[in-house]
Student: 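Before anything else, here's the structure in question.
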Amino acid sequence: MPELPEAETIVRGLRPALHGTVISRARVLRPDILRTSPARFRKHVAGRRIQHVGRRGKNIVMELDPPGFLVVNLGMTGRLLTLPSVSPSTHPAVRFTLDDGGVLVYDDVRRFGRVEILTPGEWESRSAAMGPEPLDPHFAGHDMFARLQTSRSPIRSWLLDQRRVAGVGNIYANEALWRARIHPARPANTLTRKEGHALHGAIRSVLLSAIANGGTTLRNYRDASGKRGNHARRLGVYGRVRKPCVRCGTEIVRIVFGNRSAFLCPECQPWERHQT
DNA sequence: AGTGTATCCTGCAGGC
DNA sequence: TGCCTGCAGGATACAC
């Protein structure tokens with residue numbers, strides 16, 4: 001999906017437009033986006049005020065009053081657009097009408113995304129099941145390193161598991177590993193303390209860089225106003241098969257495991273450390 | 001515990 | 001132009 005930086009960019013764009021507005025009604029054009037019946041969804045959403053627009057991992061989270069949460073997971077191709085936007089809504093799934101005349105559309109070509117309305121308790125337990133926020137100051141390198149010790153799964157898979165760290169997807173997992181010079185298939189518990197800390201720093205720096213550039217647009221991703229993100233040109237490995245590593249010139253390689261593509265520089269990210 | 005595979009969907013690029 | 005294959009920022013469920 002849209003990963004953490006893309007969700008964050010969307011949230012920042014939505015906040016001024018949505019903060020304090022009341023959702024007058026919702027129209028559900030694609031019921032499979034919900035996890036409840038359209039009738040129930042409409043009933044629960046209508047008349048509630050958006051108190052806060054935030055993010056947890058890759059989820060866009062709107063706090064409502066009366067208390068509740070509107071939670072949007074963008075899946076692979078979900079977009080949350082305020083209309084009018086520079087990029088038209090081509091596959092609208094849910095359309096919210098706001099009391100100030102504004103329109104918010106959840107648009108999703110592939111419909112892997114989810115739009116849910118949760119009680120405070122439901123949201124609390126959902127959030128509790130997710131890992132720490134990587135940009136939270138409380139997300140410490142030594143904590144992450146300690147958690148790496150408990151898993152033998154490939155470090156790229158470890159990073160994609162939202163229960164371990166929230167918000168990292170395939171682009172930024174690959175990018176962080178390249179920055180930290182770690183082979184994506186290395187078992188998590190084989191990383192040295194130094195590598196663990198390097199990875200921790202790389203995750204944060206790549207996410208911050210992506211946010212600063214408005215996210216990475218490869219295909220579908222657009223911000224709340226329909227604009228593309230500018231981070232794609234800064235990618236070091238993702239999608240760069242057979243192109244030269246910008247650090248050393250070696251050709252980037254694509255491997256597949258865990259049913260996902262992984263990209264790496266075989267020179268910068270050897271399986272074993274070079275003996276020099 | 002971890003891996004491989006399949007599934008939910010649609011669209012696009014590339015090869016022939 | 002058409003047809004085919006493979007691929008895609010995600011999440012989950014299953015068998016082994």
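Throughout, a chain's letter reflects where its sequence line sits, starting with A, and its residues are numbered from 1.
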Student: Within the supplied structure, the quantity of interest is the number of heavy atoms (other residues, nucleotides, ligands) at a distance under 6.0 Å from A:Arg27 CZ; does it exceed 12?
Tutor: no

Student: Report yes if a side-chain nitrogen or oxygen of A:Asn73 is closer than 4.0 Å to either non-bridging phosphate oxygen (OP1 or OP2) of C:dA11; otherwise report no.
Tutor: yes

Student: Please give the stem ranges for DNA chain C, sorted by first residue number, where a stem is three or more consecutive Watson-Crick or G-U pairs and both donor-acceptor distances are under 3.5 Å.
Tutor: B:2-8 with C:10-16, B:10-16 with C:2-8

Student: If the test is side chain to side chain contact (heavy atoms under 4.5 Å, CB included), which one of A:Thr21, A:Val103, A:Val45, A:Ile50 qualifies with A:Phe96?
Tutor: A:Val45

Student: Are A:Lys243 and A:Glu251 ion-paired here, with the side-chain N under 4.0 Å from a carboxylate O?
Tutor: no

Student: How would you label the contact of A:Arg222 with the nucleic acid (heavy atoms, under 4.0 Å): base, sugar-phosphate, or nothing?
Tutor: nothing

Student: To the nearest Å, how far apart are A:Ile255 CD1 and B:dT3 C1'?
Tutor: 14 Å

Student: For A:Pro184 and A:Phe263, work out which heavy atoms get closest and say how close.
Tutor: CG-O, 4.4 Å

Student: Taking atom C1' of B:dT5 as reference, at what distance in whole Å does atom CZ of A:Phe257 sit?
Tutor: 16 Å

Student: Can you find a side chain N or O atom of A:Ser157 that sits less than 4.0 Å from OP1 or OP2 on B:dG2?
Tutor: no

Student: Which whole-number value in Å describes the distance from A:Gln149 CD to B:dA1 P?
Tutor: 16 Å

Student: To the nearest Å, give me how far apart CG (A:Leu4) and P (C:dA11) are.
Tutor: 12 Å

Student: Could you work out which one of C:dA8, C:dA11, B:dT3 sits closest to the side chain of A:Ser261?
Tutor: C:dA8

Student: Taking atom P of B:dG2 as reference, at what distance in whole Å does atom CZ of A:Arg186 sit?
Tutor: 16 Å

Student: Please classify the nucleic acid contact of A:Ser153 as base, sugar-phosphate, or nothing, using heavy-atom distances under 4.0 Å.
Tutor: sugar-phosphate

Student: Counting any heavy atom closer than 4.0 Å, what does A:Asn220 reach on the DNA or RNA strands: base, sugar-phosphate only, or nothing?
Tutor: base

Student: Flag the pair A:Asp108 and A:Arg111 as a salt bridge only when some basic side-chain nitrogen lies within less than 4.0 angstrom of an acidic carboxylate oxygen.
Tutor: no

Student: With rounding to the closest Å, how many angstrom separate the C1' atoms on B:dC8 and C:dC3?
Tutor: 25 Å

Student: Please report, rounded to the nearest Å, how far the P atom of C:dA11 is from the CG atom of A:Leu159.
Tutor: 13 Å

Student: To the nearest Å, how far apart are A:Asp161 CG and B:dG2 C1'?
Tutor: 11 Å

Student: Run the salt-bridge test on A:Asp32 and A:Arg30 with the 4.0 Å N-O cut-off and return the result as yes or no.
Tutor: no

Student: Who passes salt bridge (Lys or Arg N to Asp or Glu O under 4.0 Å) against A:Glu8, sequence neighbours left out?
Tutor: A:Arg12, A:Arg55

Student: How many whole angstroms separate atom CZ of A:Arg156 from atom C1' of B:dT3?
Tutor: 12 Å

Student: Can you check whether A:Pro5's main-chain N or O pairs, donor with acceptor, with A:Thr9's side chain at less than 3.5 Å?
Tutor: yes

Student: Using atom P in both nucleotides, what's the gap between B:dG11 and C:dA11 to the nearest angstrom?
Tutor: 22 Å

Student: Check whether A:Arg179 reaches the backbone of A:Ala198 with its side chain - one donor and one acceptor, N or O, closer than 3.5 Å.
Tutor: no

Student: Summarise protein proximity over nucleotides 6-11 of chain B in one line of letters, 5' to 3': B for base, S for sugar-phosphate only, - for none, counting protein heavy atoms closer than 4.0 Å.
Tutor: B-BBBS

Student: Would you call A:Arg49 and A:Asp65 a salt bridge, using N to O less than 4.0 angstrom?
Tutor: no

